[in-house]
Amino acid sequence: MLADYAVRVEQSRGRRVPEPQHPYRDDFQRDRDRVIHSRAFRRLEAKTQVFTRRFSDHFRNRLTHTIEVAQIARTIAFQLGLNVDLVEALALVHDVGHPPFGHAGEKALDAVMREHGLLFDHNLHALRIVEDFEMRYAAFRGLNLTFEVREGIIKHSHDYSASQFPELAEYLLDHRPPLEAQLIDLADEIAYDTADLDDGYEARLLTLPQIRGGVPVFDRFYCEAEQTYPNAIEKLKFNEALKRVLDRMVGDLIRNLQSQINDARIRNLKDVRACPHRLATFSPEVEEERRSTKEFLYRNLYFSAALDSEKNDAERVIRQLFEFWMAKPESLPQTYWQKAAQEPLPRVVCDYIAGMTDNFIYEQHGKYCGRID
Ligand code: MG
């Protein structure tokens with residue numbers, strides 16, 4: 001069933017701590033299941049994607065976004081003969097390193113870390129979660145995931161240089177990641193570009209004429225939906241158009257990746273790794289649609305004044321809590337306080353904050369820093 005260029009589980013580089021085989025689940029299936037049963041995965045439910053619950057219970061949170069990415073990534077992987085179990089594990093784990101408050105939280109945490117000459121990166125944090133912070137098994141710390149899942153956590157969205165990140169040298173930084181990891185970043189973008197149009201429209205931060213005027217591919221499909229369903233209500237025509245945008249991106253990625261594989265004469269995983277560029281890309285036409293849709297979302301939604309107060313809250317809560325624990329590290333939970341003996345205090349505080357849900361960080365802020373007006 002698997003294509004010659006797919007990752008084969010029997011050729012996995014294995015786990016840090018060797019374990020006996022499971023009687024009927026292979027190693028990538030087990031990794032997927034370990035992610036699903038982790039605490040970091042459950043916390044995604046209470047982390048902001050773009051909108052907090054204050055707007056509506058129907059908006060995506062990081063967990064439902066993750067499930068959508070897994071659905072899209074599985075579809076693409078199956079069509080191309082890639083390893084669907086590995087893809088599913090990578091999709092389900094891809095956002096576990098995100099701090100509370102979505103991108104505003106990530107920016108705020110990175111900014112306070114840079115004041116101490118350090119940085120915050122959600123992929124690196126995800127690796128720390130699965131390698132160390134999850135405490136579930138008696139035989140080892142972390143989830144003891146296979147090399148291929150850990151490599152995909154680091155390499156799915158961009159390349160890291162070995163000179164800047166010597167601690168990542170084992171992840172073959174001068175090689176491309178397998179196609180299973182490469183497609184996660186694009187499945188992620190297909191999921192959030194379409195979902196953010198949907199949630200933005202539902203939140204009334206984006207209007208239909210605005211979307212039709214700013215996203216030409218959506219407008220084309222909306223005209224089609226109007227012709228096919230002239231009597232349907234606006235929201236259903238909206239849904240029909242958005243569904244077609246998503247389907248167009250997925251179909252294009254499958255076709256374009258297949259032709260990239262053929263053009264580059266990729267025969268096996270070694271060829272994928274040695275290829276000088278990533279093979280998972282959209283066609284130039286759809287790439288242009290993706291780029292302009294994203295630009296539209298930045299201009300009209302992510303940077304919209306309506307989200308400013310949430311972003312300011314996020315920045316203030318994170319900064320004040322960070323500064324509080326830097327000044328009073330003895331108020332950290334015992335396990336984190338102990339870690340400060342081996343690691344720089346800003347990193348320990350950052351790790352603690354990054355793991356929090358939106359609810360929990362507000363609670364902590366109320367307890368240590370007083371109320372937000
Ligand atoms: Mg994501």
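When a ligand or atom number is given, it counts from 1 through the structure's own listing order. What you are looking at is a predicted structure, and each value in this text was computed from that prediction instead of being measured.
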Exactly one candidate in Leu279, Leu82, Leu90, Ile190 meets side-chain contact (heavy atoms from CB on, under 4.5 Å) with Leu183; the answer is Leu82
*So, the side chain of Asn61 versus the backbone of Lys47: is there a donor-acceptor pair under 3.5 Å, distance only?*
no
**Ring centroid separation His65 to His94 under 6.0 Å** = yes
Applying side-chain hydrogen bond (donor to acceptor under 3.5 Å, both in side chains) to Lys243 and not counting sequence neighbours gives none
The protein N, O or S atoms lying under 2.8 Å from the Mg ion (ligand 1) are His65 NE2, His94 NE2, Asp95 OD2, Asp188 OD1
In short, Cys350 meets Phe120 closest at the heavy-atom pair SG-CD1, 3.5 Å
Ion pair check, Glu224 and Arg220, cut-off under 4.0 Å:
no
